[in-house]
Structures are given as structure tokens and as C-alpha cells.
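Letters go in sequence order (proteins before strands), and every chain restarts at 1.
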Amino acid sequence: MNIFADFSDRVAKAVTALGLRAADGGDLDLSRLTVEPPRDPSHGDLATNAAMVLAKQAGENPRALGEKLAAHLRQDPDVAEASVAGPGFVNLRLGNGFWQARLGEMLDLGRDYGRSRSGAGRKVNVEYVSANPTGPMHVGHCRGAVVGDALANLLAFAGYDVTREYYINDAGAQVDVLGRSVLLRYREALGEDIGTIPEGLYPGDYLVPVGKALAEEYGTKLLEMPEPEALAIAKDKAIGAMMAMIREDLGALNVHHEVFFSERSLHAGNGGTIRSAINDLTLKGHVYRGKLPPPKGQLPEDWEDREQTLFRSTQVGDDIDRPLIKSDGTFTYFAADVAYMKDKYSRGFEHLIYVLGADHGGYVKRLEALARAISDGKLHLTVLLCQLVKLFRNGEPVRMSKRSGEFVTLRDVIDEVGRDPVRFMMLYRKSDAPLDFDFAKVTEQSKDNPVFYVQYASARCHSVFRQAREQLGVREIERPALRASLHRLEDEGEMAVIRKLAEYPRLIESAAQALEPHRLAFYLYDLASQFHAQWNRGSETEQLRFVKVNDPELTYARLGLVQAVCDVVASGLALVGAEAPTEMR
RNA sequence: GGUCCCGUAGCUCAGUAGGAUAGAGCAUCAGAUUCCUAAUCUGAGGGUCGCAGGUUCGAAUCCUGCCGGGAUCACCA
């Protein structure tokens with residue numbers, strides 16, 4: 001029930017009915033025709049650019065064409081008023097009956113209102129977080145986690161078939177370091193004095209329990225076996241423990257993935273999976289042995305000219321060819337990516353979305369190139385780069401040092417400010433803009449804090465219902481009763497709230513298509529603002545209060561509006577991943 | 001030096017796939033509480049949309065060039 005799409009059709013039909021033809025006698029191109037809410041509400045409820053878009057094609061004056069269109073649209077029973085303004089906009093004002101009917105539909109749909117089929121069940125893979133399993137999650141991971149999760153929620157609500165995926169970087173040098181760090185903690189657990197943790201190993205306390213667990217399980221056995229064997233055992237144990245910790249952290253943020261994909265699994269069996277993926281690329285002519293040109297500008301001091309196996313990514317849009325096999329014969333990180341993306345492609349995804357931190361900007365082009373090479377251009381790939389989050393405490397930046405192990409963990413932040421503010425604030429900015437996160441501001445309970453402002457709208461809705469039940473002396477208020485009296489809604493402020501609610505389906509569709517979950521947060525803020533405004537009009541004007549004891553029918557009608565606000569706020573907050581509270585004390 | 005992102009009110013930011021007189025919040029100023037939660041609301045002031053060209057009926061939005069800020073840059077994952 002997207003009224004803008006609905007009226008887009010009605011306008012198109014009106015154009016057809018006018019019998020307009022293109023100058024060459026063919027059909028008119030209606031693809032640029034839009035129906036939108038006008039910027040300025042005083043212009044009306046809907047505005048279309050039809051006359052301006054079609055004027056040139058039809059060889060007519062835009063305003064004259066607009067007049068014809070307006071005259072035709074006036075015959076629509078839902079249209080109360082149609083006028084031409086500015087360069088040729090046709091503004092429509094719709095009758096109260098139309099809006100009351102829309103509100104009725106919202107109440108029937110309840111929490112499903114806004115759900116869309118525009119995604120048409122297309123298979124989309126959203127990969128996000130993918131933090132290395134070498135320690136707890138820190139704040140830096142938080143934005144991508146929330147943006148990815150909210151985006152996945154949004155896409156699912158818009159009718160896409162979404163898979164949330166986490167790529168575990170459990171191969172390579174950093175997990176060797178992890179393994180060695182754990183072995184040290186293991187010796188410590190056996191009573192050895194390990195002194196200070198050597199440079200190059202992970203110093204964090206979170207590895208202590210893993211060492212203890214190894215000591216309990218193996219006693220001194222690991223000390224007696226060959227180093228590589230012991231290391232392998234320590235690595236397994238450590239990765240398992242780190243992933244358990246990460247999953248717990250993610251759970252605290254209300255983030256849940258359906259698939260955890262292990263990089264190590266691609267290397268299993270002597271790298272057969274990766275080898276075969278590279279073979280596929282080779283057969284398509286994308287792989288060669290050669291040397292990379294030195295980078296332009298200043299040459300790094302340790303630059304070495306060497307021959308290696310390269311992916312000819314420049315042929316599919318990249319700036320430079322990318323190494324697949326190192327000079328010592330082992331695979332690069334990117335080689336595993338080739339196999340991983342091939343795997344995703346073979347699982348039937350049409351669209352791959354990667355939510356990455358801004359520091360991965362340099363990685364985008366090679367991923368795009370890879371998608372083209374693997375699928376011959378059939379696979380869509382989008383990288384969403386999230387800019388950095390800067391932490392502040394009372395206006396002072398919070399310093400973090402990863403080397404010393406002194407970083408603010410995700411858990412710290414959630415414990416301090418709560419899950420909902422974290423989730424909402426991470427979305428209260430478009431992801432390609434940097435974000436300042438101030439501990440003090442985010443916990444503040446005032447309208448300066450958008451989280452509380454929106455949640456308060458939800459609480460206020462419930463509060464109105466509590467009041468209404470008490471004052472009317474009824475135990476339950478059923479939806480059919482609300483729905484039956486909607487014709488009593490006539491106040492302009494009430495209509496404004498309905499109009500805002502009516503934008504919700506369109507917002508879902510366009511935010512999903514643009515892959516911009518932040519629009520959800522801004523919409524919720526707007527809706528809350530409309531609702532609070534209407535509530536307050538009741539405190540100035542007695543007649544406008546939601547609960548009118550001497551007029552139960554009108555009360556039910558207004559409660560219908562409150563119920564719809566409550567539903568949409570709850571629906572939107574659920575997509576954001578936050579609670580819709582029933583009261584705030 | 002290459003690539004990517006950003007530049008909108010004093011501050012923090014929106015701007016819905018090119019639309020009308022560019023919008024919020026904070027801050028400033030002026031108001032509203034015998035009231036369904038004032039954790040709220042109403043109003044005022046505040047702008048060369050970084051600069052210069054271009055595309056067209058129409059540009060904050062698209063293209064080109066410059067200026068400024070950030071990120072990143074070759075067997076690290």
C-alpha cells in the first residue's frame with residue numbers, strides 16, 4: 001500500500017486518457033514521472049512532475065499541460081483539489097476520507113504495515129562484522145555491525161531473501177600469533193613465570209582462560225609434543241574461544257548472523273578449493289605470471305621487483321593487477337577471497353553486499369573486479385564503507401592504543417550506554433560520514449537525544465491507551481472498535497500524522513533500494529516529532545485531546561491514530577534493532 | 001603521486017535517484033505546565049549549499065577542473 005506508487009499509476013492513466021502522443025506519434029516516455037510528497041506541505045499532499053517531464057515530448061507548454069492533467073485528476077473521487085503551481089507541478093490534495101481509509105488499512109496490517117515485496121525474493125548476501133578472531137570486539141567494529149544488521153533487516157522487510165554472513169579470518173599470520181600467545185598463557189597456567197608478554201604477541205587478559213582450559217584438558221602433554229602440533233591445538237582452541245566471545249558480544253548488540261564462513265576451510269586439503277577457484281579464473285584468461293609495475297609517486301624503501309601469479313584485474317575495472325600467489329608459493333589473502341566469492345556465487349546470490357570500515361577503501365575495486373571476472377558481470381556487488389567512529393567523553397576524545405591492549409571494547413560501550421542508544425546512534429548518520437559518539441550525550445534523557453525522543457513516542461502511545469482504558473472504564477480496547485470510528489478524524493494535525501504514516505512503505509522501499517538504513521532513523525525521528533506535536537496541541541486545546549470521555553467514538557478514532565503510530569514506531573525500531581518501550585520511568 | 005569518501009546555518013547533520021521560497025536538532029532570543037508523562041510543544045533570527053565552469057525548462061544533487069579535510073596504497077590479514 002504505497003500511496004505514491006498508487007498515484008503514480010493514476011497519473012499515468014490520466015496522461016493516457018488525455019490521449020497525448022509524442023511528437024513523432026509514438027508513446028510518451030513516462031519513466032521519469034514521479035509522485036512525491038511536496039517539500040512544503042502547504043502545497044498539498046502529493047505533487048507530480050508529470051507535466052514538466054512530458055511537456056517537451058508532447059510539444060506542449062508545461063503549465064497548460066498541467067492544467068489539463070489537473071482537470072482530469074479532479075474527477076478522481078479521492079482528489080479534493082488539484083492545482084498547477086510553479087513551473088508546472090500538479091499538486092493534489094486528497095480528501096479526509098482517503099486518509100481515513102489508509103489509516104484503516106494500517107490498523108488491519110498492524111506490524112506488517114510497510115512490509116514490501118519490492119525485493120521480489122532476490123537472494124542477497126550481506127557480509128558484515130567479520131572481525132578477526134583474535135580478541136574481543138572493540139568499538140571500531142560496532143558501526144559496521146549495526147549498519148550491516150539494520151540493512152539486512154530492512155532488506156528482508158522489503159522483500160529480499162537475505163543471508164547475514166560473517167567471514168572468519170581464521171587463517172594466516174595473525175592466528176599463528178594468537179596460537180603462540182595462547183601457548184604462553186598455557187605455560188603460565190601450568191605455573192611457569194612468563195614475565196611480560198613479548199612484543200608481537202597479544203597481551204590481553206582475555207587469553208588467560210584459554211590457557212587455563214588447555215592446561216586442564218591436556219596437562220603437560222602439549223609441552224612434550226612437537227611445536228607445530230601443539231600450536232595447531234592451541235590455535236583451534238583459541239579460535240573457538242574467540243569466536244564464542246565475539247558471538248556473545250554480537251548477541252549483546254542484538255546482531256545475529258545465519259552463516260559463519262571459515263577462511264581456514266578454504267585452505268583445507270592443501271588449498272584445493274582455492275586452487276580450483278584460481279583455475280577457473282585462469283581458464284577465463286584472468287590469470288598470468290608477471291611482475292607488477294612499481295607504484296607511482298614515491299617508491300617504498302623496501303620495494304622489490306618480483307615475478308608472481310597475478311589476477312589481471314585491470315581488465316575488469318581495477319587500477320592494478322593483484323597477486324594471488326606469493327613468491328614463496330603460498331596463497332595471498334586475496335586468493336582465499338576468490339574462492340570465497342566463488343562459493344557465494346555458487347550459492348545463488350544475485351547481489352553481494354559488503355559492509356566494511358573506511359580503512360578497507362582500497363579493497364573495493366578489486367572486489368568489484370573479482371565479481372565481474374567470476375560471474376561475467378552477472379553478479380552485483382556493493383561495498384558500503386562506514387567511516388570511522390570517534391569516541392568522546394565529556395567533549396574529550398577517548399584515546400585508544402591497540403598495541404598495549406588498551407582499547408574500548410564493544411562490551412564496555414554497551415554496558416555503559418545500553419544497546420538501544422548504541423544501535424540508534426550508529427544509524428543516525430549516513431554511513432559515509434564520520435560519526436562522533438559522545439558517551440554523555442547518548443545517555444542523556446531529553447529531546448537532544450534522538451533515541452529517547454523516539455522511544456518516548458512509543459511509551460507515550462502506550463500511556464495514552466492506559467489512560468483511555470481507565471477513563472472509559474474498559475478492560476481492553478480492540479482494533480475493530482478503533483477502525484469503526486475513523487471517519488471522526490478531521491483535525492488537520494491528525495491528518496498530518498496520517499500523512500507521515502503513509503510515507504512509511506515508500507520509505508522502506510527507497511531506503512532498501514538505496515541501501516541506506518540511516519533513513520529509517522531519521523524517519524522515526526520525524527514521525528515522533530509529528531506525534532509529540534499533536535499530543536501537545538491537546539494540552540493547549542482541550543478539544544484535541546486523544547481521550548474524550550464524553551465522546552467515546554471520537555476517542556476510539558483518535559486511539560486508532562495512536563495505535564498506528566505505535567505500530568509504525570515499533571516496526572521501525574525493530575528494524576533499527578532497538579526496543580519499543582511501553583513506558584519510561 | 002594514485003585511488004576512494006567528505007565539504008550545506010555559529011555547532012552537529014538531513015536533503016527522499018534533477019524540482020517550487022534549501023530543512024531539522026543544538027546554541028541564541030520570545031512564549032506555553034490547574035494538562036492523556038513539560039523526558040514535550042509553539043514562534044523568531046541565522047545560508048554565496050567549498051570555488052569556477054558545463055549539461056537543461058530547472059542543479060546542493062549530474063559532468064570537468066581547482067581548493068580544503070579524512071582514509072588508503074604493492075607476497076598484512
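- Comparing Q387(A) and A171(A) by the nucleotide of RNA chain B whose heavy atom lies nearest to each, the residue mapping closer to the 5' end is Q387(A).
- Checking A20(B), U72(B), C4(B) against the side-chain heavy atoms of K365(A) singles out C4(B) as nearest.
- For Y523(A) and Y504(A), the ring centers are positioned less than 6.0 Å apart.
- In this entry the distance linking NZ of K430(A) with C1' of A14(B) reads 8 Å, nearest Å.
- In this structure, A24(B) and U12(B) make a Watson-Crick or G-U wobble pair, each of the two defining distances being under 3.5 angstrom.
- RNA chain B is contacted by both G538(A) and D436(A); D436(A) maps to the nucleotide lying nearer its 5′ end (nearest heavy atom per residue).
- The CG atom of L559(A) sits 10 Å away from the C1' atom of C36(B) (whole-angstrom rounding).
- The listed nucleotides are U72(B), A39(B), U37(B); the one nearest the side chain of D359(A) is U72(B).
- Of the candidates C36(B), A39(B), A71(B), C36(B) carries the atom nearest the V547(A) side chain, counting heavy atoms from C-beta on.
- As the counterpart of G1(B), C73(B) is assigned, both hydrogen-bonding distances of the Watson-Crick or G-U wobble pattern falling under 3.5 Å.
- Under the 6.0 Å distance and 45° angle rule, R312(A) counts as a cation-pi partner of Y288(A).
- Of the candidate nucleotides A39(B), C5(B), A71(B), C5(B) has the atom nearest to the side chain of D432(A).
- Nucleic acid contact class of N91(A) (heavy atoms, under 4.0 Å, all strands): base.
- Going from atom OH of Y363(A) over to atom P of C76(B) covers 11 Å, rounded to whole Å.
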Side chain to side chain donor-acceptor pair (under 3.5 Å) between D491(A) and Q534(A), worked out
CA-CA 10 Å; D491(A) 175 68; Q534(A) 185 61 17; 3.1 Å; yes
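- Residues L427(A) and L520(A) have side chains not in contact (no heavy-atom distance under 4.5 Å, counting atoms from C-beta outward).
- For the OP1/OP2 pair of U12(B) and a distance below 4.0 Å, the side-chain nitrogens and oxygens of K390(A) include no atom meeting the criterion.
- Under the 6.0 Å cut-off for aromatic ring centres, Y453(A) and Y525(A) qualify, their centroids lying closer than that.
- Contact annotation: R429(A) reaches the phosphate of C13(B) (side-chain N/O to OP1 or OP2, under 4.0 Å).
- Residue-to-nucleotide contacts include no donor-acceptor pair under 3.5 Å from the side chain of N536(A) to the base of A38(B).
- In this structure, the nucleotide among A14(B), A38(B), A77(B) sitting nearest to the side chain of H518(A) is A14(B).
- Aromatic rings from Y340(A) and F261(A) are positioned such that their centres are separated by under 6.0 Å.
- The separation between F424(A) atom CZ and G25(B) atom C1' is 13 Å, rounded to whole Å.
- Note: Y128(A) and Y166(A) fail the aromatic proximity criterion, with ring centroids not under 6.0 Å apart.
- Annotation: G47(B) and U21(B) have their C1' atoms spaced 13 Å apart (nearest Å).
- One P atom belongs to A52(B), the other to A59(B), and the distance between them is 15 Å to the nearest Å.
- Spacing between U16(B) and A60(B) at atom P, rounded to whole Å, works out to 12 Å.
- Comparing A32(B) with G15(B), their P atoms are spaced 36 Å from each other, to the whole Å.
- Look at R506(A) and E509(A) and you find no salt bridge, because none of the NZ, NE, NH1 or NH2 atoms lies under 4.0 Å from a carboxylate O.
- Each of F546(A), F465(A), W535(A) was compared with R460(A) under the side chain to side chain contact (heavy atoms under 4.5 Å, CB included) criterion, and only W535(A) meets it.
- For U64(B), the paired nucleotide is A52(B), the pair qualifying as Watson-Crick or G-U wobble because both relevant distances are below 3.5 Å.
- Summarising the geometry, the separation between OH on Y456(A) and C1' on U37(B) is reported as 4 Å, rounded to the nearest angstrom.
- Across the P atoms, G45(B) and G25(B) are found 14 Å apart, a figure rounded to whole Å.
- Residue A85(A) is in base contact, counting any heavy-atom pair closer than 4.0 Å across all strands shown.
- With hydrogens and angles ignored, no donor-acceptor pair closer than 3.5 Å exists between the side chain of D319(A) and the base of U3(B).
- Counting only heavy atoms from C-beta on, L385(A) has its side chain closest to C4(B) among C36(B), C4(B), A77(B).
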Could you list all N or O pairs between the protein and nucleotides 16-18 of chain B that sit under 3.5 Å apart?
{"from": "U16(B)", "atom 1": "O2", "to": "R506(A)", "atom 2": "NH1", "distance (Å)": "3.1"}
{"from": "A17(B)", "atom 1": "N6", "to": "Q513(A)", "atom 2": "NE2", "distance (Å)": "2.6"}

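- Taking every side-chain heavy atom of Q467(A) into account, C36(B) is the closest of C36(B), A77(B), A14(B).
- Under the Watson-Crick or G-U wobble criterion, with both distances below 3.5 Å, C29(B) is paired with G43(B).
- When the C1' atom is compared between C26(B) and G46(B), the two are found 13 Å apart, to the nearest whole Å.
- Computed from coordinates, the R322(A) CZ to A77(B) C1' distance equals 15 Å when rounded to whole Å.
- Here the nucleotide nearest the side chain of F522(A), chosen from U40(B), U37(B), C13(B), is C13(B).
- Within the 4.0 angstrom heavy-atom criterion, no nucleotide atom of any strand lies near P62(A).
- Between Y354(A) and H360(A), the distance separating the two ring centers is not shorter than 6.0 angstrom.
- Annotation: U8(B) and U12(B) have their P atoms spaced 8 Å apart (nearest Å).
- Following rounding to the nearest Å, Y525(A) (OH) and C13(B) (P) show an atom-to-atom distance of 16 Å.
- What separates CG of L388(A) from C1' of U72(B) is a distance of 11 Å, to the nearest Å.
- Base pairing of C36(B): no nucleotide in any strand meets the Watson-Crick or G-U wobble criterion (both distances under 3.5 Å).
- The same atom, C1', is picked in C57(B) and in U64(B); the two are 23 Å apart, to the nearest Å.
- Checked against ring pair (Phe, Tyr, Trp, His ring centres under 6.0 Å), Y556(A) has no partners two or more places apart in sequence or in another chain.
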